[in-house]
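Notes to accompany the following structure.
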Amino acid sequence: MARKKRDTGEINAGSMADIAFLLLIFFLVTTTMDIDKGIQVLLPPWTPDQEQLDVKLKDKNVLEILVNKNDQLLVEGELTDVDELKKLVMQHIDNNGRNPDFSDSPDDAVVSLQNDKSTSYNRYIEVYDRVRAGYNQLREDFSQTNYRDSYEQADTNQQRTARSTYPMRLSEAEPTDFGEKEENQ
């Protein structure tokens, strides 16, 4: 007796494309992407026809902070340790005319931050954080003194008052090539 050869049937692949498509949609919908948030800063609104205003400030009202290509911190032209920066920013802003080297008042105080194109990102962020920490500490102290509560726990109006008492006036200049200037001299 001879055995019959059985034909193997073909697998129907018609629905494979549908399944692959559904899996693709599933993974696209359920996957989350990590997004770098960056530094959140509220910028003034941009207007296309706005001409550049040249604002004249007294030198003592501007605290100049420079970070060179070697990641060295210079405050008012003097080498400074980054750990001292928060204290210097606070002294400058909250001076109220006491020290002739610092600002006349918190409303007049400006912190100017400029770095070299070769400055490392980590150093820039570290300096920027110390400047913001100075403003935040002044606002915290104001809130503790006037409201007996932390700035974070204060209500919206109290926070607004603290921000208006110590407005953050930070000027960030375009990065330059300090290193090239030093080498050419």
Output the distance between atom [atom1] ([X]) and atom [atom2] ([Y]), rounded to the nearest 0.5 Å.
X	Y	atom1	atom2	result
K60	S103	NZ	OG	8.0 Å
D94	Q137	CG	CD	11.0 Å
Q158	R139	CD	CZ	15.0 Å
D108	I93	CG	CD1	12.0 Å
E64	E78	CD	CD	12.5 Å
T30	I25	OG1	CD1	11.5 Å

Backbone N/O of [Y] and side chain of [X]: donor-acceptor pair under 3.5 Å:
X	Y	value
N146	F142	yes
N61	V110	no
N70	Q72	no
R123	D71	yes
S143	E140	no

### Task
Sequence neighbours left out, what passes side chain to side chain contact (heavy atoms under 4.5 Å, CB included) with D81? Give chain and number order.
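Checked D81 against side chain to side chain contact (heavy atoms under 4.5 Å, CB included); matches are D83, E84.
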### Task
Tell me yes or no: between the side chains of D18 and S15, is some donor less than 3.5 Å from an acceptor?
no
### Query
Do Y147 and D155 have side-chain N/O donor and acceptor atoms under 3.5 Å apart?
no
So which heavy atom on [X] is nearest to which on [Y], and how close?
X	Y	answer
R130	V82	NH1-O, 3.1 Å
P167	D107	CG-OD1, 3.6 Å
V62	S112	CG1-CB, 3.8 Å
L73	V67	CD1-CG2, 4.0 Å
F102	L63	CE2-CD1, 4.4 Å
D116	S118	OD2-N, 2.8 Å

Are [X] and [Y] packed together at the side-chain level, in the sense that at least one heavy-atom pair is separated by less than 4.5 angstrom?
X	Y	value
M168	R132	yes
D141	Q144	no
N136	Y151	no
L113	Y128	yes

### Task
Give me the one residue out of T165, N96, N95 that meets side chain to side chain contact (heavy atoms under 4.5 Å, CB included) with P106.
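Among T165, N96, N95, the one meeting side chain to side chain contact (heavy atoms under 4.5 Å, CB included) with P106 is N96.
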### Query
Between L74, L88, V127, which is the residue that forms a side chain to side chain contact (heavy atoms under 4.5 Å, CB included) with I65?
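Per the side chain to side chain contact (heavy atoms under 4.5 Å, CB included) rule, the option paired with I65 is V127, out of L74, L88, V127.
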### Message
If hydrophobic clusters are built by linking Ile, Leu, Val, Met, Phe, Trp and Tyr wherever their side-chain heavy atoms come under 4.5 Å apart, do M16 and L24 end up in the same one?
### Response
no
### Task
State yes or no: do I19 and L28 share one hydrophobic cluster built from I, L, V, M, F, W and Y residues joined by side-chain heavy-atom distances below 4.5 Å, directly or via other members?
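Different clusters.
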### Message
Are more than 12 heavy atoms, taken from residues, nucleotides or ligands other than R98, located less than 6.0 Å from that residue's CZ atom?
### Response
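It does: R98 CZ has more than 12 such atoms within range.
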### Message
By the salt bridge (Lys or Arg N to Asp or Glu O under 4.0 Å) test, which pairs, at least two apart or in different chains, include something from residues 163-174?
### Response
none
